[in-house]
Amino acid sequence: MMSIAVAKTEKADVAGANFASIVARQPGAGKVADARREAFDEFQRIGLPHRRIEDWKYTDLRALMREVLPVAPTPDAAALARAEAALKLHAIEGVRRLVLVDGALAVALSDLSAPEAGLSIRSLREALDAGDDRLLSLDTGNPMTALNTALMTDGVVIDVADGAKLAKPLYIVHIASGGAPSAMFTRSLVSLGKESAATVVESFVAGEGAGVYQVHDTAVMTVGDRARLDHVRLIEDSRDAFNIASAEVRVGAHAHYSVAGVTTGALVSRYQLVVNIAGEYARVETNGVNLLNGKQHADTTLVMNHDVPHCVSREGFRAVVDDRGHSVFQGRINVRQPAQQTDAKMMTRALLLSDEAEADNKPELEIFADDVTCGHGAAIGALDDQLLFYLRARGLAEKEAEALLIQAFVGEAIEAIADDNLRELAIAAATRWLEARR
């Protein structure tokens, strides 16, 4: 009788060594430890996602990332000093700062004292040790989320009580301090009670000298009935970094969730967002901008699940791609049979600045209800030669003329950010990218 053995690749062995090396110092026991083991077994069964998996056909991590780096050590004094220097370059006024350095919550760099009424902030480590299983309840079908479950080391757990409306935005800063090549596994939870309101900003940045590193981040967010959550994401990692992030959001009745993201950094990045609209009369708005050049690869994958009637969703995505950059947008709207009178629209546009630039846009609709208003569109093109000529004829240099047109192209997505200071932060990130082209 022929015996069949499952061959383990070298890359799978690297991930296995990662898991074995840190399992003793991971937070959480009992049910948490069991979930970690099950998640790691799931990841080993699938491995790094590749192009034969439909959702990953444009972002083959077996070819692009190849392996999972060793888990980053707990940051020492030198790492914290480098992180503090990087933090000064990304400071924002009027926010409550929560800093993760090399995947660990840096209490000394964070604003944890005197929280507003109704606000609770804990570290992931503390929450897992207390048995908080909300951090384990994910259903994304994503092997990278399974890996994150197995290896997550720290993050922030934010609870906003019913009726609390936070005056200060919560600013979660992920900093790679610039040590040896390593991987950071973070997971955060944001839970808003009924009739509450909050703004959350996530920023991914690199300390001086940071080169190759990996960010593996997952967020779980719940927006209670009649609550509002405004969410901003800024990806400004090292140009040699990998940023693989996932989020799952549940939106209650009459609630409002908006998210806007700007990606200018990282060699390879992917953000997979799954939004479950679970309460009637909810509204969801998603806007994103990729600004890419060199050999950058950025993938945004959005899944919008309409499960109940009378809800509205809007998805807008813009990409500007130069040199040999590659932008990917995959958007899927699922309208279940009970979700009558759904109003869902999705539009993606890409601007290619060179002959070698590439943009793949893949909008999809899956509708099982018969009383809906749904639509999607996609467009890819180059800068308008006539508009360029018009601006050049009025004395602008070529790069300056291009910058004005690019700013107008991405402006609509950035203008969707409600908070003035945060909008300026996103504009500044886009401006830095434009100035680097000159």
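Remember, predicted model here, so these are calculated numbers, not experimental data.
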Taking [Y]'s backbone N and O only, do any of them form a donor-acceptor pair with [X]'s side chain (distance below 3.5 Å, no angle check)?
| X | Y | value |
| --- | --- | --- |
| T153 | F185 | yes |
| S196 | G193 | yes |
| Q214 | S182 | no |
| N276 | A278 | no |
| R97 | D111 | no |
| E116 | K168 | yes |
| S188 | V156 | yes |
| D225 | K194 | no |
| R36 | A150 | yes |

Within this structure, what is the [atom1]-[atom2] distance for the pair [X] and [Y], rounded to the nearest 0.5 Å?
| X | Y | atom1 | atom2 | result |
| --- | --- | --- | --- | --- |
| L192 | T222 | CG | OG1 | 9.0 Å |
| I367 | N334 | CD1 | CG | 9.5 Å |
| T145 | E42 | OG1 | CD | 9.0 Å |
| L105 | L98 | CG | CG | 7.0 Å |
| L388 | L405 | CG | CG | 5.0 Å |
| Q386 | F389 | CD | CZ | 9.5 Å |

Which atom pair, heavy atoms only, marks the closest approach of V223 to A255?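 V223 and A255 have their closest heavy atoms at CG1-CB, 3.9 Å.
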Side-chain touch [X]/[Y], heavy atoms, less than 4.5 angstrom:
| X | Y | value |
| --- | --- | --- |
| R314 | T286 | no |
| W56 | L61 | yes |
| L48 | F43 | yes |
| L292 | V320 | no |
| L267 | H297 | no |
| V95 | V201 | no |
| D55 | R332 | yes |
| T263 | L291 | no |

Has [X] got more than 12 heavy atoms of other residues, nucleotides or ligands less than 6.0 Å from its [atom1]?
| X | atom1 | result |
| --- | --- | --- |
| R122 | CZ | yes |
| K165 | NZ | yes |
| D371 | CG | yes |
| R324 | CZ | no |

Stepwise salt bridge (Lys or Arg N to Asp or Glu O under 4.0 Å) check, D307 with R336: CA-CA 5 Å; D307 297 324; R336 315 300 188 197; 3.2 Å; yes
Taking salt bridge (charged side-chain N to carboxylate O under 4.0 Å, His left out) as the cut-off, I'd like each qualifying pair that reaches into residues 375-385, sequence neighbours left out, listed once.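 As it turns out, there is no salt bridge (charged side-chain N to carboxylate O under 4.0 Å, His left out) pair with a partner in residues 375-385 once direct neighbours are skipped.
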Pairs involving residues 259-278, ordered by first then second residue, that meet salt bridge (charged side-chain N to carboxylate O under 4.0 Å, His left out) (sequence neighbours left out):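 Sorted result for residues 259-278: R270-D299.
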If we check side chain to side chain donor-acceptor pair (under 3.5 Å) with R187, which of these qualifies: D154, N148, D217?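 Single pass found, and it is N148.
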Show every side chain to side chain donor-acceptor pair (under 3.5 Å) that has at least one partner inside residues 229-241, sequence neighbours left out.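 Every side chain to side chain donor-acceptor pair (under 3.5 Å) pair that includes a residue of residues 229-241, provided the two are not neighbours, is E202-H231, Y213-D237, R228-D230, D230-S258, H231-Y257, E236-R432, D237-N243, R239-N293, R239-Q296.
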Are [X] and [Y] close enough that a side-chain donor and a side-chain acceptor fall under 3.5 Å?
| X | Y | value |
| --- | --- | --- |
| H216 | T186 | no |
| D343 | T373 | no |
| T59 | R51 | no |

Before you tell me yes or no, could you show the steps for R250 and E248 under salt bridge (Lys or Arg N to Asp or Glu O under 4.0 Å), namely the whole-Å CA-CA distance, both residues' side-chain angles and the distance that decides it to 0.1 Å? CA-CA 7 Å; R250 183 187 183 278; E248 186 171 303; over 6 Å; no
Using a strict cut-off of less than 4.0 Å between a Lys/Arg side-chain nitrogen and an Asp/Glu carboxylate oxygen, indicate whether K295 and E356 qualify as a salt bridge.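 The answer is no: the pair does not qualify as a salt bridge.
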